Amino acid sequence: MEQDLSKLCIHTITTRDWTLETAVEKYLEKGIHGISVWRNYIESKDMREVRDLLESHNMKVVSLVRGGFFTGLTKTERDKKVEDNKAAIEEAASIGAEMVVLVCGATPGQSMEESRYQIREGIERVLPLAESSNVKLAIEPLHPMYADTRSAINTMDQANTLAEYFESEYVGVAVDVYHIWWDDKLKDEIIRCGKHKNLFAFHLCDWRNPTQDMLNDRTIMGEGVIQIQKIIDYVKEAGFDGYNEVEIFSNRHWAEDQDIFLDRIVKAYLNYKY
Ligand code: ZN
């Protein structure tokens, strides 16, 4: 089989304990040229130096992860989040990231409708900066188990509707198999997303069964219950030709030798047809 890794991207959180410097070296060693950078890896760093590091290693920065969390009970709280998202957009622009992934937010104590309204308003407020900075905003629908505190956007339908509302080439959707694999409207919604040119990003991992932890028990593609190839085929049919981003948070995998873990990811990645 041809070992085509040209569209493989790894999220830095996947190899959690590696610094950005180590991650870049190790990814490159395996022939991986795509990286999605989580903000905690560049916090308090000089963005110029981060950019130099990535460029000198010929790494393509797919996404900066993550912005969003627009909701809040008070205006002060929401204003602060808008400022934080503006900072994320500026960071993305300075390290050469194509987009910021948005985990939209949800706040206990207010309705889902109110949270959704606040999310739309938050995106509206940061969109001018995103446009002028040439940084896209990718709305990531989150599995409904996170509807309490992480996101009031839980289905592809909701994410599509929100993205379409803006009619901007700078607002689209990040499809993460972990969050949307169970959806009976999945194919239609992915095709819809592509038709509106809103399919910005594609995240891969698998849903471990039984899941031990709601946040940190994702697993490698092929080791869980998600029909990965089927979703890859939908995304392809929708016209997606961007990077396939591996994003695994896993207490179990973080405890392993990360070199071996990364080898296993690459091997699993090559089992699918993109
Ligand atoms: Zn994701």
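These numbers come from a predicted model, not from an experiment. Order of appearance sets the numbers: ligands from 1, and atoms from 1 within every ligand.
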- Cationic tip of R16 above F249 ring, under 6.0 Å, 45° of axis: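 No, a cation-pi geometry is absent between R16 and F249.
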- Message: Quick check with a 6.0 Å cut-off and a 45 degree axis cone: is K136 positioned over the face of F200's six-membered ring?
- Response: yes
Minimum-distance atom from the Zn ion (ligand 1) among N, O or S atoms of [X]:
X    : value
E247 : OE1
H203 : ND1
E140 : OE2
D176 : OD2

- Item | Ion pair check, E77 and K80, cut-off under 4.0 Å |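 No.
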- Message: Just by distance, no angles: are the side chains of T71 and Q110 close enough, under 3.5 Å, to form a donor-acceptor pair?
- Response: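 Absent: no donor and acceptor within the cut-off.
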